[in-house]
Structures are given as structure tokens and as C-alpha cells.
Amino acid sequence: MIEFIPGILFTWAAVWLLYAFTINLLYPLVRPFLFSLRPASASTFLLAWITLPAVTAMFSCFLLFAPTLSMLMSDAHCAYGGCRIITNTTILVGLPAAIIGFWLSLSGLTIALKYWLPAQKLIQQLKFTGTNK
């Protein structure tokens with residue numbers, strides 16, 4: 001089981017890089033649409049566009065490894081002459097999910113502080129200098 005957790009994390013990182021590469025290739029197609037949006041909507045869309053590969057890779061890995069996780073945690077219990085299989089995957093999934101969730105939260109906070117907050121300040125400054133149509 002010790003070898004299994006790095007396998008999940010490595011697969012998540014590899015899928016994330018693949019999705020990030022694909023997203024970067026598709027960005028020139030999305031860029032004209034992005035320029036046609038208002039600054040507030042564009043900054044929200046850009047934040048979603050930047051975080052899309054990480055979140056999509058996380059969901060893909062959970063769907064990919066869910067059957068294996070449940071098989072690792074299944075155990076036959078025979079009590080009073082009747083055998084049944086009990087499966088508890090929450091213990092195995094908890095630690096990697098907590099690590100990935102913490103890392104995604106930290107990345108999202110970093111992106112928000114680095115890109116979204118300055119964009120909001122710029123929007124406020126542009127409101128003072130612009131004219132309403």
C-alpha cells in the first residue's frame with residue numbers, strides 16, 4: 001500500500017501536466033472571447049481557466065483509482081459461521097485527498113492573491129477613470 005499512494009500522486013501530476021499542455025494549446029482560441037468580456041468576468045473566467053487542469057486531473061484520478069481503492073480495503077470477516085466482505089475506502093483515500101485538497105487550496109489562494117486581487121483593484125481604478133455608455 002505504501003507504493004500505491006505515490007502512484008496516485010504521480011498519475012495525478014502526469015494527467016495535470018497533460019491537461020495543462022492541452023489548455024495552453026487551446027488558449028489562442030479562447031483569447032478573443034476573453035477580450036470581449038468585461039474585466040470582472042474576464043478575471044473570473046481566467047481564474048477558472050488556470051485552475052481547470054488541476055481540478056480535472058484530480059477528478060480523473062479519483063475516478064481512475066476508485067475501484068482499486070475499494071479492492072485494497074476489502075476484507076473478509078467470518079463471524080458466527082457467516083462470511084461477508086466489508087469494504088472501507090475512506091481510510092485509504094483520506095490522506096491523499098487531504099494532501100491534494102490542501103495543495104489545491106494553497107494553489108488557489110496563491111493564484112487569487114497573485115492574479116485576481118490585482119485585477120479587482122484595476123477594475124476599481126478603471127471605474128473611476130472610465131465613462132458610462
Side-chain angles (χ1 to χ4, degrees):
M1 182 168 105
I2 298 295
E3 298 85 17
F4 186 68
I5 294 172
I8 292 174
L9 295 176
F10 176 73
T11 304
W12 175 60
V15 171
W16 183 359
L17 288 174
L18 176 69
Y19 286 160
F21 182 71
T22 306
I23 289 292
N24 284 337
L25 286 178
L26 294 176
Y27 181 72
L29 299 174
V30 177
R31 190 173 177 181
F33 171 72
L34 191 63
F35 283 133
S36 67
L37 295 175
R38 293 182 32 215
S41 301
S43 64
T44 304
F45 179 80
L46 194 57
L47 179 64
W49 187 261
I50 290 170
T51 58
L52 181 67
V55 174
T56 308
M58 181 182 66
F59 286 130
S60 298
C61 274
F62 284 149
L63 290 175
L64 180 67
F65 285 102
T68 309
L69 291 173
S70 64
M71 286 175 37
L72 280 175
M73 291 305 296
S74 63
D75 192 17
H77 290 280
C78 297
Y80 306 111
C83 292
R84 60 186 174 127
I85 296 177
I86 297 176
T87 305
N88 186 4
T89 59
T90 56
I91 297 169
L92 184 62
V93 178
L95 182 62
I99 293 170
I100 291 170
F102 175 74
W103 191 81
L104 280 176
S105 301
L106 188 63
S107 297
L109 181 64
T110 303
I111 289 171
L113 292 175
K114 192 173 184 179
Y115 297 109
W116 190 70
L117 289 178
Q120 294 301 317
K121 290 178 184 175
L122 180 63
I123 289 169
Q124 291 298 326
Q125 291 174 355
L126 290 175
K127 282 183 183 177
F128 292 129
T129 59
T131 58
N132 291 335
K133 291 185 178 182

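Keep in mind that what you see is a predicted model, and the values were worked out from it rather than measured. For this chain, numbers begin at 1 and follow the sequence in order.
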Minimum side-chain heavy-atom gap [X]-[Y] below 4.5 Å:
X: Y19; Y: L52; result: no
X: L46; Y: Y27; result: yes
X: L34; Y: F45; result: yes

Shared hydrophobic cluster for [X] and [Y] (ILVMFWY, side-chain gaps under 4.5 Å):
X: L17; Y: L25; answer: no
X: W12; Y: F59; answer: yes
X: L18; Y: I50; answer: no
X: L37; Y: L26; answer: yes
X: L47; Y: L109; answer: no

Using 0.5 Å steps for rounding, measure from the [atom1] atom of [X] to the [atom2] atom of [Y].
X: L122; Y: S43; atom1: CG; atom2: OG; value: 9.5 Å
X: T44; Y: Q120; atom1: OG1; atom2: CD; value: 6.5 Å
X: I111; Y: L117; atom1: CD1; atom2: CG; value: 12.5 Å
X: S60; Y: W16; atom1: OG; atom2: CH2; value: 13.5 Å

Handout entry: Donor-acceptor under 3.5 Å (T56 side chain, P53 main chain)
Key = no
